[in-house]
Amino acid sequence: MVFTVLGAVAELERNLIVERVRAGLRNARAKGRRLGRPTKKFDHAQIAVMRSSGASWRSISRKLGVSVGTVFTAARRVNQGVSTK
């Protein structure tokens, strides 16, 4: 019986935490705050120049200070003509 009561209290507490977090996120969005990880700023056109000169994806990512996946995604967007921020 004790474990059942403790389990119910723990579940109630977890639900309260979830509600508070969601309310906080809604409040932040309503105030216009940007949520999530900040975007890295780098020159997207420089990727194409470096790549055409024969640089590897890894060396480009090291020089720009971003991950290889970020460089690859940015290069794909530049090649497709998608505007970058």
Side-chain angles (χ1 to χ4, degrees):
M1 182 180 93
V2 173
F3 288 117
T4 303
V5 171
L6 289 176
V9 170
E11 186 177 351
L12 173 67
E13 189 65 32
R14 184 182 185 286
N15 288 335
L16 290 173
I17 292 169
V18 169
E19 285 179 30
R20 280 190 230 118
V21 168
R22 287 185 180 157
L25 290 172
R26 276 193 308 270
N27 188 20
R29 284 189 193 107
K31 290 181 179 179
R33 305 252 351 233
R34 289 192 63 190
L35 302 174
R37 186 176 183 153
T39 56
K40 283 279 198 172
K41 305 289 184 195
F42 59 93
D43 186 13
H44 292 79
Q46 189 177 6
I47 294 172
V49 171
M50 294 170 76
R51 189 69 180 154
S52 65
S53 68
S56 68
W57 293 113
R58 185 173 290 170
S59 65
I60 295 170
S61 70
R62 284 188 193 132
K63 289 178 185 174
L64 296 177
V66 295
S67 70
V68 176
T70 301
V71 171
F72 193 71
T73 302
R76 190 173 355 163
R77 287 182 179 167
V78 168
N79 290 338
Q80 292 175 351
V82 176
S83 66
T84 55
K85 294 179 184 177

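Residues: numbered from 1 along the sequence shown. Side chains are part of it too, since the values below use all heavy atoms of this structure and drop only hydrogens, waters and symmetry mates.
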Is there a path from L25 to I17 through hydrophobic residues (I, L, V, M, F, W, Y) whose side chains come within less than 4.5 Å of each other? yes
Common cluster, L35/V21, ILVMFWY with side-chain heavy-atom separation under 4.5 Å: yes
Rounded to the nearest 0.5 Å, how far apart are [atom1] of [X] and [atom2] of [Y]?
{"X": "R22", "Y": "N27", "atom1": "CZ", "atom2": "CG", "value": "16.0 Å"}
{"X": "E11", "Y": "L6", "atom1": "CD", "atom2": "CG", "value": "13.0 Å"}
{"X": "R62", "Y": "S67", "atom1": "CZ", "atom2": "OG", "value": "13.0 Å"}

If every non-hydrogen atom of [X] is compared with every non-hydrogen atom of [Y], which pair is closest and at what distance?
{"X": "R58", "Y": "V68", "value": "CA-CG2, 4.0 Å"}
{"X": "R51", "Y": "I60", "value": "N-CD1, 3.9 Å"}
{"X": "A74", "Y": "H44", "value": "CB-CD2, 3.3 Å"}

Expected output: side-chain T73 to main-chain T70 donor-acceptor under 3.5 Å: no
Partners passing side-chain contact (heavy atoms from CB on, under 4.5 Å) against L12 (at least two apart in sequence or in another chain): L16
Taking the side chain as C-beta and beyond, is there a heavy-atom pair between F42 and I47 under 4.5 Å? yes
